[in-house]
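To start, the structure itself, in structure tokens.
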Amino acid sequence: MKKIGLLIVLLISLISCSNDDSKNIEAKITINDYYGKWTDFDEARFKSNPNIWYEYYIFNTDKTFTRSRVDKGVTTTVTGTFEFSTRDNRSDIILTYSAPTNWIYNCSTGFGGTSELLYIHDGKLNNAASMCDFSPIYKKAK
């Protein structure tokens, strides 16, 4: 009788410990969620102060992107291509810029380069520099 009771308890514990990936928001994000315009999370605050620059990305379905920075009313743009990668149940975007730019920040190498890693977390676009507390956050434009 004890063996049957232990088997029932074991069975219940195994069922209750199953992994439910449907609750993982990051896993539900599809590649199509990346396409379009992503603006600085605090863009409205930046626009009201002409001394602070703000940025936005536009991801096109042909795997090209544009990153624009508006500083004191002047817009500067860099371009490149991107590809998707999956890591730790998360979709990433790997950007490759057409030319080196100081707009890229990497925790280990500092400013500059031609590649950047972006990912979505809590519905917002982040880059890998968030691990070293340097990362603007972008939201999908409507």
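Taken from OG1 in Thr101 to CG in Leu95, the straight-line distance is 11.5 Å, to the nearest 0.5 Å. How far OG1 of Thr66 is from CD1 of Ile58: 5.5 Å, rounded to the nearest 0.5 Å. Ile93 CD1 to Ser85 OG: the interatomic distance, rounded to the nearest 0.5 Å, is 11.0 Å. Distance CD1/Ile104 to OG/Ser115: 6.0 Å, rounded to 0.5 Å. Residue Asn60 holds its CG atom at 11.5 Å from OG1 of Thr81, rounded to the nearest 0.5 Å.
Closest non-hydrogen pair, Phe84 versus Lys63, comes out as CE1-CE, 3.8 Å. Leu118 approaches Phe59 most closely through the heavy-atom pair CD1-CZ, 3.7 Å. Listed here is the closest heavy atom pair of Gly80 and Ser98: CA-OG, 3.7 Å. Contact detail for Phe82 and Thr64: the closest heavy-atom pair is CE2-O, 3.1 Å.
No side-chain N or O of Arg67 forms a donor-acceptor pair with one of Tyr56 less than 3.5 Å apart. Judged purely by distance below 3.5 Å, without hydrogens or angles, the side chains of Thr77 and Ser68 pair a donor atom with an acceptor atom. In summary, the side chains of Tyr105 and Glu116 do not present any donor paired with an acceptor at a separation below 3.5 Å, with no hydrogens or angles considered.
Under the 3.5 Å distance criterion, the side-chain polar atoms of Lys140 are left unmatched by any main-chain donor or acceptor of Tyr34. Remark: side-chain polar atoms of Asn126 are paired, donor with acceptor, to backbone N or O of Lys124 under 3.5 angstrom. Without hydrogens or angle criteria, Asp40 side chain to Glu55 main chain gives a donor-acceptor distance under 3.5 Å.
Inter-residue side-chain proximity for Leu125 and Tyr57 is flagged as met; some heavy-atom pair is nearer than 4.5 Å. Between Ile137 and Trp38, the closest side-chain pair of non-hydrogen atoms is not below 4.5 Å. Under the 4.5 Å side-chain criterion, counting only non-hydrogen atoms from C-beta, Tyr97 is not in contact with Trp103.
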